[in-house]
Amino acid sequence: MKIYRRCFCLAAVLAACLLAAACANTQAGPEEEEASAAVAVLGYAQFPGADLTEGAISISALFLEEDGAAVSGGSVLLSAGQVSADFPLGDGGELRVSGLPRIGDVRLTLVSQDAQELGSMTISFAQGAVIDASTSEDGVGYVTTRADTSVVSLEFTVSGEGLLCALRLTE
């Protein structure tokens with residue numbers, strides 16, 4: 001009986017040590033918190049080094065001609081503050097980018113395969129109670145996301161007035 005009690009006590013002490021060792025390393029350091037703040041979404045291109053003090057958002061965007069056909073080829077230049085990057089459009093006029101600022105302005109320029117600008121707009125990201133996207137009369141795109149939103153699907157249409165921005169409801 002004494003042997004069983006010693007084995008049980010030894011097992012309990014060992015379990016307590018293992019639990020204490022596991023709990024000792026559960027807090028993330030500043031480097032780990034920074035790295036997790038801009039986690040890339042699988043299959044999305046990563047926007048480089050923007051100031052993400054307010055957090056990051058990913059966009060899934062579709063670019064359409066006025067007649068509803070997808071923009072084929074070309075690229076999208078995104079700029080946030082002093083940081084900019086060029087992203088090629090995927091099949092069917094699609095672009096998927098993570099690491100954009102959740103709050104603030106991003107300049108978007110759509111360029112055709114033959115390097116002609118098809119349209120550009122400033123997208124103003126904000127946080128609110130509902131998810132919404134619209135274009136104002138002065139050509140600014142306004143995108144509102146909830147705090148728990150990680151990806152927003154947008155549709156950009158090339159029009160005579162420039163680009164129009166709306167939520168993409170098919171995704």
Scanning both residues in full, the closest heavy-atom pair of Met121 with Val140 reads CE-C, 4.1 Å

What one should report as the nearest heavy-atom pair of Leu78 and Phe47 is O-CE1, 3.5 Å

Taken to the nearest 0.5 Å, the spacing of Gln127 CD from Ile57 CD1 works out to 8.5 Å

- Linked, directly or transitively: Val130 and Val151 (ILVMFWY side chains, under 4.5 Å): no

Value for CG (Leu64) from OG (Ser159), rounded to nearest 0.5 Å, stands at 12.0 Å

Ignoring hydrogens and angles, write down the donor-acceptor pairs under 3.5 Å from the side chains of residues 103-114, residues two or more places apart or on other chains.
| residue | atom | partner | partner atom | Å |
| --- | --- | --- | --- | --- |
| Asp105 | OD1 | Ser124 | OG | 3.2 |
| Arg107 | NH1 | Thr122 | OG1 | 3.0 |
| Arg107 | NH2 | Ser120 | OG | 2.8 |
| Ser112 | OG | Asp114 | N | 3.4 |
| Ser112 | OG | Asp114 | OD1 | 2.3 |
| Ser112 | OG | Gln116 | N | 3.1 |
| Ser112 | OG | Gln116 | O | 3.3 |

Shortest non-hydrogen pair, Ala70 vs Gly92, comes out as CB-O, 3.2 Å

Interatomic distance, CZ@Phe87 vs CG@Leu77, rounded to 0.5 Å, equals 9.0 Å

Scanning both residues in full, the closest heavy-atom pair of Ala133 with Val143 reads CB-CG2, 4.2 Å

| query | Is the closest side-chain heavy-atom distance between Asp86 and Val76 below 4.5 Å? | reply | no

**Message:** With a 4.5 Å cut-off on side-chain heavy atoms, are Leu167 and Leu154 touching?
**Reply:** yes

Linking I/L/V/M/F/W/Y whenever any side-chain heavy atoms sit under 4.5 Å apart, do Val97 and Phe125 land together? yes

Less than 4.5 Å apart, side chain to side chain, heavy atoms only: is that true for Leu118 and Phe156? no

Separation between OH (Tyr44) and OG (Ser60), nearest 0.5 Å, reads 4.5 Å

Of all heavy-atom pairs linking Ile131 and Thr149, the shortest is CD1-OG1, 3.5 Å

To the nearest 0.5 Å, atom CG of Leu95 lies from atom CD1 of Ile59 at 5.5 Å

Distance col, row Gln46:CD vs Arg96:CZ, nearest 0.5 angstrom, shows 15.5 Å

Check your understanding: If two hydrophobic side chains count as joined below 4.5 Å and joins carry through other members, does Leu164 share a cluster with Val152?
Key -> no

Review point. Should Ile123 and Val83 be counted in the same cluster of Ile, Leu, Val, Met, Phe, Trp and Tyr side chains packed under 4.5 Å apart?
Key: yes

Taking every heavy atom of Gly99 against every heavy atom of Ser58, the minimum-distance pair comes out as N-OG, 4.2 Å

**Item:** side chain to side chain contact (heavy atoms under 4.5 Å, CB included) between Glu66 and Val158, intermediate numbers included
**Value:** CA-CA 6 Å; Glu66 263 186 302; Val158 179; 5.5 Å; no

